Amino acid sequence: MNAVNRKTKALEPRKMFCAIKKKKVTVLFEYSDYRNRYFKGAPDTCYCECIISCYNEGVRCRYSGISPLYPDPLTAEEIK
């Protein structure tokens, strides 16, 4: 029987600054090809904590679920 490499999914929460909301939000990144904590692979999907409220308000954000072509408002740190 041959060994099969199975892809493992992982979720990682991060605090990021949202330029639209002008506050820090929690974002959950999903890695579909996770091997270990040193090699996570590229993040596939990003889930923002404000996704429902932004969708209902029609916010033009990549992560609001309206269109992935909108700009990315998330940055690692707040710009002063």
Side-chain angles (χ1 to χ4, degrees):
M1 190 181 269
N2 295 338
V4 177
N5 279 343
R6 293 186 183 184
K7 288 188 175 183
T8 304
K9 288 187 177 184
L11 297 172
E12 177 186 37
R14 289 188 205 162
K15 287 279 194 186
M16 300 187 84
F17 182 77
C18 177
I20 295 173
K21 294 282 189 177
K22 306 253 188 290
K23 67 176 188 175
K24 290 212 178 218
V25 294
T26 303
V27 180
L28 198 62
F29 287 97
E30 179 182 34
Y31 297 94
S32 64
D33 191 19
Y34 181 84
R35 298 198 183 151
N36 59 42
R37 66 181 180 174
Y38 302 110
F39 181 74
K40 298 176 187 176
D44 288 336
T45 311
C46 177
Y47 303 103
C48 179
E49 72 178 31
C50 301
I51 189 169
I52 295 173
S53 63
C54 287
Y55 179 81
N56 290 333
E57 295 170 8
V59 175
R60 294 181 176 223
C61 168
R62 176 178 294 176
Y63 308 111
S64 65
I66 299 170
S67 173
L69 302 176
Y70 287 143
D72 185 0
L74 301 175
T75 56
E77 295 180 14
E78 181 176 350
I79 301 171
K80 295 182 181 181

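A quick note: this is a predicted structure, and the numbers were derived from the prediction, not measured.
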Spacing of [atom1] belonging to [X] relative to [atom2] belonging to [Y], to within rounding of 0.5 Å:
X	Y	atom1	atom2	result
Tyr34	Lys40	OH	NZ	7.0 Å
Ile20	Cys50	CD1	SG	10.0 Å
Leu28	Cys46	CG	SG	8.0 Å
Leu74	Cys61	CG	SG	6.0 Å

| request: Mark yes when over 12 heavy atoms from residues, nucleotides or ligands other than Tyr55 sit less than 6.0 Å from its OH; otherwise mark no. | output: no

| task | Count the heavy atoms belonging to other residues, nucleotides or ligands that lie under 6.0 Å from CD1 of Ile66, then report whether that count exceeds 12. | result | yes

Indicate the atoms forming the closest heavy-atom contact of [X] with [Y], along with that distance.
X	Y	value
Cys18	Val25	CB-CG2, 4.2 Å
Glu12	Tyr31	OE1-OH, 2.9 Å
Val59	Ser64	O-OG, 3.1 Å
Asn36	Phe39	OD1-N, 2.7 Å
Phe29	Pro43	CD2-CB, 3.9 Å

| What residues, two or more places apart in sequence or in another chain, satisfy side-chain hydrogen bond (donor to acceptor under 3.5 Å, both in side chains) together with Lys23? | none

| request: Not counting sequence neighbours, list each pair that qualifies as a salt bridge (Lys or Arg N to Asp or Glu O under 4.0 Å) and has a residue in residues 43-71. | output: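 For residues 43-71, and leaving out neighbouring residues, the salt bridge (Lys or Arg N to Asp or Glu O under 4.0 Å) pairs sorted by first residue read Lys21-Glu57.
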
| query | Mind checking what makes side-chain contact (heavy atoms from CB on, under 4.5 Å) contact with Glu30, not counting sequence neighbours? | reply | Lys9, Leu11, Thr45, Tyr47

